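Structure, as C-alpha coordinates:
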Amino acid sequence: MAFRREPSGTYHQGVADSASRTDETKQDQPGLLMGRPFGIPVYVSPSWFVVAFIITFWFGGEIPRHVAAPPTSYLVAFTYAVLLYGSVFVHELSHALVARRFDLPVRSVTLHILGGETAIERESPTPGREFLIAFAGPIVNLVLAGLGFLVDDLVPLPPVGDLLLQALTFANLAVGLFNLLPATPLDGGRLVRALIWKVTGRPRTGTVIVAWLGRAVAVLVLVTGTFAASSSNGGASADRWFLVLWVALISSFMWVGATQTLRDVKIRDRIPLLQARLLARPATLVTANVPLAEAVRRANEDGSGAIVIVDYEGRPTGLVNERAVLATPQNRRPWIEVGDVSRGLESELTLPADLSGEELVTAVRQAPASEYLLVEPTGQVYGVLAAEDVNRVFSGARP
(Lines give C-alpha, C1' and ligand atoms only; values in the text may rest on other atoms or scores of the structure.)
Protein backbone atom coordinates (compact mmCIF):
# COMPACT_ATOMS: atom_id res chain seq x y z
CA MET A 1 0.00 0.00 0.00
CA ALA A 2 2.94 2.25 -0.24
CA PHE A 3 5.08 3.01 -3.19
CA ARG A 4 8.85 3.06 -2.71
CA ARG A 5 11.69 3.02 -5.19
CA GLU A 6 15.13 1.63 -4.55
CA PRO A 7 18.26 2.02 -6.68
CA SER A 8 16.93 -0.63 -9.07
CA GLY A 9 12.84 -0.16 -8.87
CA THR A 10 10.05 -1.62 -6.49
CA TYR A 11 6.45 -1.00 -5.47
CA HIS A 12 5.64 -1.85 -1.90
CA GLN A 13 2.23 -2.22 -0.39
CA GLY A 14 1.75 -2.37 3.28
CA VAL A 15 -0.20 -0.10 5.40
CA ALA A 16 1.97 1.47 2.87
CA ASP A 17 3.10 0.17 -0.54
CA SER A 18 6.12 0.87 -2.78
CA ALA A 19 8.51 0.03 -5.66
CA SER A 20 12.06 -1.47 -5.66
CA ARG A 21 14.35 -3.72 -7.67
CA THR A 22 15.90 -7.00 -6.73
CA ASP A 23 17.50 -10.01 -8.38
CA GLU A 24 15.53 -13.23 -8.16
CA THR A 25 18.35 -15.28 -6.74
CA LYS A 26 17.78 -17.85 -4.04
CA GLN A 27 19.44 -15.55 -1.53
CA ASP A 28 17.07 -12.72 -2.43
CA GLN A 29 13.88 -14.78 -2.28
CA PRO A 30 11.87 -13.02 0.44
CA GLY A 31 9.70 -15.95 1.49
CA LEU A 32 7.73 -18.96 0.36
CA LEU A 33 6.95 -19.13 -3.35
CA MET A 34 3.16 -19.44 -3.62
CA GLY A 35 2.72 -19.36 -7.39
CA ARG A 36 3.35 -17.47 -10.62
CA PRO A 37 0.16 -15.75 -11.81
CA PHE A 38 0.77 -14.15 -15.21
CA GLY A 39 4.34 -15.45 -14.87
CA ILE A 40 5.06 -13.21 -11.85
CA PRO A 41 6.55 -15.00 -8.79
CA VAL A 42 4.46 -14.40 -5.66
CA TYR A 43 6.09 -14.86 -2.26
CA VAL A 44 4.72 -14.85 1.27
CA SER A 45 7.18 -13.61 3.86
CA PRO A 46 7.36 -15.46 7.20
CA SER A 47 6.29 -12.18 8.82
CA TRP A 48 2.86 -12.62 7.25
CA PHE A 49 2.18 -15.57 9.54
CA VAL A 50 2.84 -13.28 12.52
CA VAL A 51 0.19 -10.88 11.24
CA ALA A 52 -2.22 -13.74 10.52
CA PHE A 53 -1.81 -14.96 14.11
CA ILE A 54 -2.37 -11.47 15.54
CA ILE A 55 -5.47 -10.89 13.43
CA THR A 56 -6.85 -14.33 14.28
CA PHE A 57 -6.27 -13.90 18.01
CA TRP A 58 -7.40 -10.27 18.23
CA PHE A 59 -10.31 -10.26 15.76
CA GLY A 60 -11.49 -13.70 16.86
CA GLY A 61 -11.96 -12.51 20.41
CA GLU A 62 -14.02 -9.51 19.26
CA ILE A 63 -16.60 -11.42 17.21
CA PRO A 64 -20.02 -11.35 18.94
CA ARG A 65 -21.05 -14.76 20.23
CA HIS A 66 -24.36 -14.65 18.35
CA VAL A 67 -22.34 -14.47 15.10
CA ALA A 68 -19.72 -17.12 15.86
CA ALA A 69 -18.65 -18.49 19.22
CA PRO A 70 -15.15 -19.86 19.93
CA PRO A 71 -13.50 -21.80 18.44
CA THR A 72 -15.47 -21.02 15.27
CA SER A 73 -14.88 -17.29 15.80
CA TYR A 74 -11.12 -17.81 15.44
CA LEU A 75 -11.61 -19.71 12.20
CA VAL A 76 -13.67 -16.77 10.93
CA ALA A 77 -10.91 -14.38 12.02
CA PHE A 78 -8.27 -16.41 10.20
CA THR A 79 -10.47 -16.39 7.09
CA TYR A 80 -10.57 -12.61 7.37
CA ALA A 81 -6.75 -12.48 7.57
CA VAL A 82 -6.47 -14.55 4.39
CA LEU A 83 -9.08 -12.45 2.56
CA LEU A 84 -7.42 -9.24 3.73
CA TYR A 85 -4.10 -10.28 2.24
CA GLY A 86 -5.98 -11.39 -0.84
CA SER A 87 -6.91 -7.72 -1.22
CA VAL A 88 -3.28 -6.75 -0.70
CA PHE A 89 -2.26 -9.28 -3.35
CA VAL A 90 -4.74 -7.82 -5.85
CA HIS A 91 -3.37 -4.35 -5.05
CA GLU A 92 0.18 -5.45 -5.75
CA LEU A 93 -0.77 -7.42 -8.82
CA SER A 94 -2.38 -4.26 -10.20
CA HIS A 95 0.96 -2.44 -9.89
CA ALA A 96 2.68 -5.36 -11.57
CA LEU A 97 0.29 -5.73 -14.49
CA VAL A 98 0.27 -2.02 -15.30
CA ALA A 99 4.08 -1.98 -15.15
CA ARG A 100 4.19 -4.97 -17.50
CA ARG A 101 1.78 -3.16 -19.81
CA PHE A 102 4.45 -0.45 -20.11
CA ASP A 103 7.18 -3.03 -20.80
CA LEU A 104 8.78 -2.67 -17.36
CA PRO A 105 10.07 -6.08 -16.17
CA VAL A 106 8.47 -7.26 -12.90
CA ARG A 107 10.59 -9.51 -10.70
CA SER A 108 8.13 -10.52 -7.99
CA VAL A 109 5.27 -9.74 -5.63
CA THR A 110 5.83 -10.28 -1.90
CA LEU A 111 3.30 -10.23 0.95
CA HIS A 112 4.78 -9.30 4.33
CA ILE A 113 3.96 -7.93 7.75
CA LEU A 114 2.89 -4.45 6.58
CA GLY A 115 1.22 -5.50 3.35
CA GLY A 116 3.27 -6.18 0.26
CA GLU A 117 5.67 -5.02 -2.38
CA THR A 118 6.08 -5.38 -6.12
CA ALA A 119 9.66 -5.53 -7.37
CA ILE A 120 10.12 -3.79 -10.72
CA GLU A 121 13.47 -3.80 -12.49
CA ARG A 122 13.45 -0.33 -14.00
CA GLU A 123 12.11 3.10 -13.19
CA SER A 124 9.24 4.47 -15.27
CA PRO A 125 10.58 6.47 -18.23
CA THR A 126 7.79 9.09 -18.09
CA PRO A 127 5.78 10.79 -15.31
CA GLY A 128 2.52 9.65 -16.90
CA ARG A 129 3.45 5.99 -16.65
CA GLU A 130 4.75 6.49 -13.12
CA PHE A 131 1.38 8.01 -12.18
CA LEU A 132 -0.64 5.15 -13.66
CA ILE A 133 1.49 2.41 -12.09
CA ALA A 134 1.26 4.04 -8.66
CA PHE A 135 -2.49 4.77 -8.95
CA ALA A 136 -3.32 1.19 -9.97
CA GLY A 137 -2.98 -0.11 -6.39
CA PRO A 138 -5.16 2.32 -4.41
CA ILE A 139 -7.87 2.48 -7.07
CA VAL A 140 -8.29 -1.30 -6.88
CA ASN A 141 -8.75 -1.09 -3.10
CA LEU A 142 -11.30 1.69 -3.47
CA VAL A 143 -13.20 -0.24 -6.15
CA LEU A 144 -13.25 -3.30 -3.90
CA ALA A 145 -14.56 -1.15 -1.04
CA GLY A 146 -17.27 0.26 -3.31
CA LEU A 147 -18.29 -3.22 -4.40
CA GLY A 148 -18.37 -4.26 -0.75
CA PHE A 149 -20.76 -1.44 0.14
CA LEU A 150 -22.95 -2.35 -2.85
CA VAL A 151 -23.11 -6.05 -2.02
CA ASP A 152 -23.77 -5.32 1.64
CA ASP A 153 -26.68 -3.09 0.66
CA LEU A 154 -28.23 -5.36 -1.96
CA VAL A 155 -27.44 -8.95 -0.98
CA PRO A 156 -28.74 -10.53 2.24
CA LEU A 157 -25.97 -12.55 3.87
CA PRO A 158 -25.73 -14.77 6.95
CA PRO A 159 -24.18 -13.10 10.04
CA VAL A 160 -20.69 -14.51 9.43
CA GLY A 161 -20.68 -13.49 5.77
CA ASP A 162 -21.99 -10.03 6.61
CA LEU A 163 -19.31 -9.54 9.26
CA LEU A 164 -16.50 -10.59 6.91
CA LEU A 165 -17.85 -8.43 4.10
CA GLN A 166 -18.07 -5.33 6.30
CA ALA A 167 -14.59 -5.90 7.74
CA LEU A 168 -13.06 -6.33 4.27
CA THR A 169 -14.94 -3.32 2.91
CA PHE A 170 -13.62 -1.09 5.69
CA ALA A 171 -10.09 -2.51 5.34
CA ASN A 172 -9.99 -1.83 1.59
CA LEU A 173 -11.36 1.67 2.09
CA ALA A 174 -8.77 2.45 4.78
CA VAL A 175 -5.92 0.95 2.78
CA GLY A 176 -6.91 2.78 -0.41
CA LEU A 177 -7.27 6.16 1.28
CA PHE A 178 -4.15 5.77 3.42
CA ASN A 179 -2.05 4.97 0.38
CA LEU A 180 -3.19 8.17 -1.30
CA LEU A 181 -1.49 10.29 1.36
CA PRO A 182 1.00 12.53 -0.52
CA ALA A 183 4.17 11.08 0.97
CA THR A 184 6.77 8.49 0.07
CA PRO A 185 6.88 5.51 0.43
CA LEU A 186 3.10 5.54 -0.08
CA ASP A 187 1.53 5.40 -3.51
CA GLY A 188 0.27 8.93 -3.01
CA GLY A 189 3.86 10.10 -2.76
CA ARG A 190 4.59 8.56 -6.15
CA LEU A 191 1.54 10.31 -7.58
CA VAL A 192 2.76 13.69 -6.30
CA ARG A 193 6.26 12.94 -7.56
CA ALA A 194 4.87 12.18 -11.01
CA LEU A 195 2.93 15.45 -11.04
CA ILE A 196 5.97 17.50 -9.96
CA TRP A 197 8.06 15.66 -12.56
CA LYS A 198 5.50 16.51 -15.23
CA VAL A 199 5.34 20.21 -14.28
CA THR A 200 9.04 20.86 -13.66
CA GLY A 201 10.65 18.21 -15.84
CA ARG A 202 12.81 17.30 -12.82
CA PRO A 203 12.02 13.94 -11.20
CA ARG A 204 14.70 14.53 -8.57
CA THR A 205 12.84 17.57 -7.23
CA GLY A 206 9.66 15.56 -6.85
CA THR A 207 11.52 12.73 -5.13
CA VAL A 208 13.06 15.04 -2.52
CA ILE A 209 9.77 16.81 -1.81
CA VAL A 210 7.73 13.65 -1.27
CA ALA A 211 10.51 12.11 0.83
CA TRP A 212 10.38 15.03 3.25
CA LEU A 213 6.58 14.85 3.16
CA GLY A 214 6.98 11.17 4.02
CA ARG A 215 8.91 12.03 7.15
CA ALA A 216 6.33 14.64 8.12
CA VAL A 217 3.41 12.26 7.56
CA ALA A 218 5.22 9.53 9.54
CA VAL A 219 5.44 11.85 12.55
CA LEU A 220 1.82 12.96 12.05
CA VAL A 221 0.58 9.37 11.91
CA LEU A 222 2.53 8.49 15.05
CA VAL A 223 1.25 11.48 17.02
CA THR A 224 -2.40 11.33 15.93
CA GLY A 225 -2.61 7.53 16.08
CA THR A 226 -1.06 7.38 19.53
CA PHE A 227 -3.29 10.16 20.81
CA ALA A 228 -6.44 8.56 19.39
CA ALA A 229 -5.59 5.13 20.79
CA SER A 230 -4.50 6.33 24.23
CA SER A 231 -7.41 8.73 24.70
CA SER A 232 -10.09 6.24 23.64
CA ASN A 233 -12.59 5.51 26.40
CA GLY A 234 -13.69 2.22 24.92
CA GLY A 235 -11.78 -1.00 24.61
CA ALA A 236 -9.41 -2.81 26.90
CA SER A 237 -6.09 -1.30 27.89
CA ALA A 238 -4.26 -4.11 26.10
CA ASP A 239 -6.09 -3.31 22.88
CA ARG A 240 -5.14 0.36 23.10
CA TRP A 241 -1.50 -0.50 23.67
CA PHE A 242 -1.59 -2.88 20.73
CA LEU A 243 -2.93 -0.09 18.51
CA VAL A 244 -0.20 2.25 19.73
CA LEU A 245 2.47 -0.33 18.85
CA TRP A 246 0.91 -0.94 15.45
CA VAL A 247 0.81 2.79 14.68
CA ALA A 248 4.45 3.06 15.75
CA LEU A 249 5.35 0.21 13.39
CA ILE A 250 3.57 1.89 10.48
CA SER A 251 5.21 5.23 11.25
CA SER A 252 8.66 3.70 11.47
CA PHE A 253 8.09 1.98 8.12
CA MET A 254 7.20 5.34 6.56
CA TRP A 255 10.13 7.15 8.18
CA VAL A 256 12.64 4.52 7.10
CA GLY A 257 11.19 4.46 3.57
CA ALA A 258 11.41 8.24 3.26
CA THR A 259 14.95 8.28 4.64
CA GLN A 260 16.01 5.56 2.21
CA THR A 261 14.54 7.60 -0.64
CA LEU A 262 16.65 10.64 0.34
CA ARG A 263 19.70 8.40 0.54
CA ASP A 264 18.95 7.03 -2.92
CA VAL A 265 18.81 10.59 -4.27
CA LYS A 266 22.31 11.26 -2.94
CA ILE A 267 23.53 8.02 -4.46
CA ARG A 268 22.04 8.92 -7.84
CA ASP A 269 23.68 12.34 -7.66
CA ARG A 270 27.03 10.57 -7.53
CA ILE A 271 26.40 8.29 -10.50
CA PRO A 272 27.78 10.81 -13.04
CA LEU A 273 31.07 10.70 -11.09
CA LEU A 274 31.48 7.04 -12.00
CA GLN A 275 33.94 6.69 -14.87
CA ALA A 276 35.66 3.36 -15.29
CA ARG A 277 38.85 4.91 -16.64
CA LEU A 278 39.23 7.26 -13.69
CA LEU A 279 38.52 4.51 -11.14
CA ALA A 280 40.70 1.86 -12.80
CA ARG A 281 43.75 0.46 -11.06
CA PRO A 282 46.81 -0.16 -13.25
CA ALA A 283 47.39 -3.90 -13.58
CA THR A 284 50.46 -6.10 -13.74
CA LEU A 285 50.11 -9.06 -16.10
CA VAL A 286 51.56 -12.43 -15.02
CA THR A 287 51.06 -16.08 -15.90
CA ALA A 288 49.26 -18.37 -13.44
CA ASN A 289 52.40 -20.32 -12.46
CA VAL A 290 54.30 -17.28 -11.16
CA PRO A 291 54.84 -17.44 -7.36
CA LEU A 292 52.55 -15.07 -5.50
CA ALA A 293 55.49 -13.32 -3.86
CA GLU A 294 57.03 -12.60 -7.27
CA ALA A 295 53.71 -11.35 -8.67
CA VAL A 296 53.31 -8.97 -5.74
CA ARG A 297 56.90 -7.78 -6.15
CA ARG A 298 56.31 -7.00 -9.82
CA ALA A 299 53.07 -5.18 -9.01
CA ASN A 300 54.83 -3.05 -6.39
CA GLU A 301 57.67 -2.35 -8.80
CA ASP A 302 55.18 -1.29 -11.51
CA GLY A 303 53.14 0.79 -9.07
CA SER A 304 50.12 -1.36 -9.93
CA GLY A 305 47.02 -1.81 -7.81
CA ALA A 306 45.95 -5.13 -9.33
CA ILE A 307 47.24 -8.35 -10.86
CA VAL A 308 45.78 -9.99 -13.96
CA ILE A 309 46.45 -13.60 -14.98
CA VAL A 310 47.27 -14.06 -18.68
CA ASP A 311 48.14 -17.08 -20.78
CA TYR A 312 51.44 -17.45 -22.64
CA GLU A 313 50.03 -15.46 -25.56
CA GLY A 314 49.18 -12.52 -23.30
CA ARG A 315 45.41 -13.08 -23.27
CA PRO A 316 43.73 -12.40 -19.89
CA THR A 317 42.30 -15.48 -18.21
CA GLY A 318 41.80 -14.53 -14.56
CA LEU A 319 41.78 -11.84 -11.88
CA VAL A 320 43.74 -12.05 -8.65
CA ASN A 321 41.57 -11.48 -5.61
CA GLU A 322 43.07 -8.72 -3.47
CA ARG A 323 41.57 -10.04 -0.24
CA ALA A 324 42.98 -13.50 -0.89
CA VAL A 325 46.44 -11.98 -1.40
CA LEU A 326 46.25 -9.96 1.80
CA ALA A 327 45.03 -13.03 3.71
CA THR A 328 48.06 -15.07 2.60
CA PRO A 329 50.98 -14.85 5.09
CA GLN A 330 54.21 -13.40 3.72
CA ASN A 331 56.17 -16.57 4.44
CA ARG A 332 53.81 -18.69 2.33
CA ARG A 333 53.67 -16.43 -0.71
CA PRO A 334 56.86 -17.78 -2.35
CA TRP A 335 55.37 -21.28 -2.33
CA ILE A 336 51.91 -20.41 -3.69
CA GLU A 337 51.27 -19.81 -7.35
CA VAL A 338 49.41 -16.61 -8.14
CA GLY A 339 46.78 -18.63 -10.00
CA ASP A 340 45.74 -20.19 -6.69
CA VAL A 341 44.39 -16.83 -5.44
CA SER A 342 42.63 -15.86 -8.65
CA ARG A 343 39.21 -16.43 -10.15
CA GLY A 344 38.36 -17.33 -13.72
CA LEU A 345 37.58 -14.48 -16.05
CA GLU A 346 33.92 -14.94 -16.98
CA SER A 347 32.66 -12.82 -19.85
CA GLU A 348 30.51 -10.61 -17.58
CA LEU A 349 33.62 -9.66 -15.56
CA THR A 350 35.21 -8.05 -18.62
CA LEU A 351 33.95 -4.49 -19.11
CA PRO A 352 34.74 -1.76 -21.64
CA ALA A 353 37.07 0.85 -20.18
CA ASP A 354 34.80 3.62 -21.50
CA LEU A 355 31.83 2.66 -19.32
CA SER A 356 30.49 5.40 -17.06
CA GLY A 357 27.40 6.50 -15.14
CA GLU A 358 24.26 4.36 -15.27
CA GLU A 359 25.81 1.96 -17.76
CA LEU A 360 28.63 1.19 -15.36
CA VAL A 361 26.23 0.74 -12.44
CA THR A 362 24.08 -1.63 -14.50
CA ALA A 363 27.07 -3.69 -15.59
CA VAL A 364 28.32 -4.06 -12.02
CA ARG A 365 24.87 -5.00 -10.72
CA GLN A 366 24.39 -7.67 -13.33
CA ALA A 367 27.52 -9.51 -12.22
CA PRO A 368 28.43 -8.76 -8.57
CA ALA A 369 32.15 -9.31 -7.99
CA SER A 370 35.11 -7.78 -6.17
CA GLU A 371 37.13 -7.00 -9.35
CA TYR A 372 36.42 -6.43 -13.03
CA LEU A 373 38.80 -6.40 -15.98
CA LEU A 374 38.67 -3.21 -18.08
CA VAL A 375 39.65 -3.52 -21.70
CA GLU A 376 40.13 -1.15 -24.61
CA PRO A 377 38.00 -1.50 -27.78
CA THR A 378 40.98 -3.37 -29.25
CA GLY A 379 40.83 -5.94 -26.45
CA GLN A 380 43.99 -4.67 -24.77
CA VAL A 381 43.94 -4.68 -20.97
CA TYR A 382 43.44 -1.17 -19.58
CA GLY A 383 43.30 -1.99 -15.87
CA VAL A 384 41.14 -3.44 -13.09
CA LEU A 385 38.03 -1.91 -11.56
CA ALA A 386 37.62 -2.78 -7.86
CA ALA A 387 34.08 -2.83 -6.46
CA GLU A 388 35.32 -1.14 -3.29
CA ASP A 389 36.48 1.85 -5.35
CA VAL A 390 32.98 2.16 -6.83
CA ASN A 391 31.46 1.96 -3.34
CA ARG A 392 33.88 4.61 -2.14
CA VAL A 393 32.45 7.07 -4.67
CA PHE A 394 28.96 6.46 -3.33
CA SER A 395 30.09 6.82 0.27
CA GLY A 396 31.54 10.23 -0.51
CA ALA A 397 35.14 9.22 -0.01
CA ARG A 398 37.66 9.98 -2.69
CA PRO A 399 38.78 6.89 -4.64
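We number each residue from 1, following the sequence as shown. What you see is a predicted model, and the numbers here were worked out from it, not measured in a lab. Keep in mind that the numbers below use all heavy atoms, side chains included, and drop hydrogens, waters and symmetry copies.
- Partner of Leu292 under the side chain to side chain contact (heavy atoms under 4.5 Å, CB included) criterion, out of Gln330, Arg332, Arg333: Arg333 alone.
- Enclosure of atom CD in Glu337 by more than 12 non-hydrogen atoms of other residues, nucleotides or ligands within 6.0 angstrom is indicated.
- The aromatic rings of Phe135 and Phe131 sit tilted relative to each other, their planes meeting at an angle between 30° and 60°.
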Open item on the list: Between Glu358 and Arg268, does the salt bridge (Lys or Arg N to Asp or Glu O under 4.0 Å) criterion hold? Intermediate values first, please.
Closed with: CA-CA 9 Å; Glu358 290 279 5; Arg268 287 182 171 274; 3.3 Å; yes
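- With Trp212 as the aromatic partner, Arg215 meets the cation-pi criteria of under 6.0 angstrom to the ring centre and within 45 degrees of the ring axis.
- Of the charged side-chain nitrogens involved, at least one lies within less than 4.0 Å of a carboxylate oxygen, so that Glu322 and Arg281 count as a salt-bridged pair.
- We find that Arg323 and Glu371 are not joined by a salt bridge, their nearest charged nitrogen and carboxylate oxygen being 4.0 Å or further apart.
- Asn289 and Tyr312 are linked by a side-chain donor-acceptor pair at a separation below 3.5 angstrom, with hydrogens and angles left out of the test.
- Between Arg297 and Glu294 there is a salt bridge, with a side-chain nitrogen of the basic residue lying less than 4.0 Å from a carboxylate oxygen of the acidic one.
- Within the 4.5 Å cutoff, the side chain of Ser94 has no heavy atoms near those of the Ile139 side chain.
- With salt bridges taken as basic N to acidic carboxylate O contacts below 4.0 Å, one links Glu376 and Arg277.
- A heavy-atom distance below 4.5 Å is not found between the side chains of Val210 and Thr261.
- Between Phe253 and His112, the ring planes are tilted. Angles from 30° to 60° get that label.
- With respect to Arg392 and Asp389, a salt bridge is recorded, a charged nitrogen being found less than 4.0 Å from a carboxylate O.
- Contact record, Thr184 with Ala211: CG2-CA, 3.1 Å, taken as the closest heavy-atom pair.
- Residues His95 and Asp187 have side chains in contact (heavy-atom distance under 4.5 Å, counting atoms from C-beta outward).
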TODO: Check the pair Leu351 / Leu374 against side-chain contact (heavy atoms from CB on, under 4.5 Å), numbers first and verdict last.
DONE: CA-CA 5 Å; Leu351 307 177; Leu374 299 179; 3.9 Å; yes
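- Arg122 places a side-chain N or O within 3.5 Å of a backbone atom of Asp103 that can act as its donor or acceptor partner.
- Leu360 places a side-chain heavy atom less than 4.5 Å from the side chain of Leu385.
- Between Ser304 and Pro282, the shortest heavy-atom distance links the atoms CB-O, 3.3 Å.
- For Arg202, the CZ atom is loosely surrounded, since the number of other residues' heavy atoms within 6.0 Å does not exceed 12.
- Phe170 and Val247 fall into different hydrophobic clusters, defined by Ile, Leu, Val, Met, Phe, Trp and Tyr side-chain heavy atoms under 4.5 Å apart, directly or through other members.
- Tested against Val219, the residues Val221, Val223, Leu222 include a single side chain to side chain contact (heavy atoms under 4.5 Å, CB included) partner, Val223.
- No continuous path of hydrophobic side-chain contacts links Leu213 to Leu262 [ILVMFWY only; heavy atoms under 4.5 Å].
- Remark: Glu130 does not engage Lys198 in a salt bridge, criterion side-chain N to carboxylate O under 4.0 Å.
- Nearest approach of Leu191 to Ala134, heavy atoms of both residues: CD2-CB, 3.9 Å.
- Within the 4.5 Å cutoff, the side chain of Phe178 has heavy atoms near those of the Ile250 side chain.
- Considering every non-hydrogen atom in both Ala96 and Ile40, the closest pair reads CB-CD1, 3.7 Å.
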TODO: Assess whether side-chain contact (heavy atoms from CB on, under 4.5 Å) is satisfied between Val341 and Ile307, documenting all intermediate values.
DONE: CA-CA 10 Å; Val341 291; Ile307 301 173; over 6 Å; no
- [ ] Any chance you could lay out the side-chain contact (heavy atoms from CB on, under 4.5 Å) test for Val160 and Thr79, step after step, and finish with the verdict?
- [x] CA-CA 11 Å; Val160 170; Thr79 302; over 6 Å; no
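- For Leu349 against Ala367, the heavy-atom pair with the smallest separation is CD2-O, 4.2 Å.
- At least one side-chain heavy atom of Val88 sits less than 4.5 Å from a side-chain heavy atom of Leu111.
- Taken together through direct or relayed side-chain contacts under 4.5 Å among Ile, Leu, Val, Met, Phe, Trp and Tyr, Val199 and Val208 form parts of separate hydrophobic clusters.
- With a 4.5 Å cut-off on side-chain heavy atoms, Val286 and Ile309 count as touching.
- Counting only heavy atoms from C-beta outward, the side chains of Leu345 and Thr317 never approach each other to under 4.5 Å.
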- [ ] Test Thr169 against Asp152 for side-chain contact (heavy atoms from CB on, under 4.5 Å), laying out the working first.
- [x] CA-CA 9 Å; Thr169 298; Asp152 188 47; 5.8 Å; no
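- Note: the hydrophobic cluster containing Leu173 does not contain Leu165 (ILVMFWY, side chain heavy atoms under 4.5 Å, direct or indirect links).
- Between Thr207 and Arg193, the side chains place a donor N or O and an acceptor N or O closer than 3.5 Å (distance only, hydrogens not considered).
- Both Tyr382 and Tyr372 sit in one connected hydrophobic cluster of ILVMFWY residues. Membership requires side-chain heavy atoms under 4.5 Å apart, directly or through other members.
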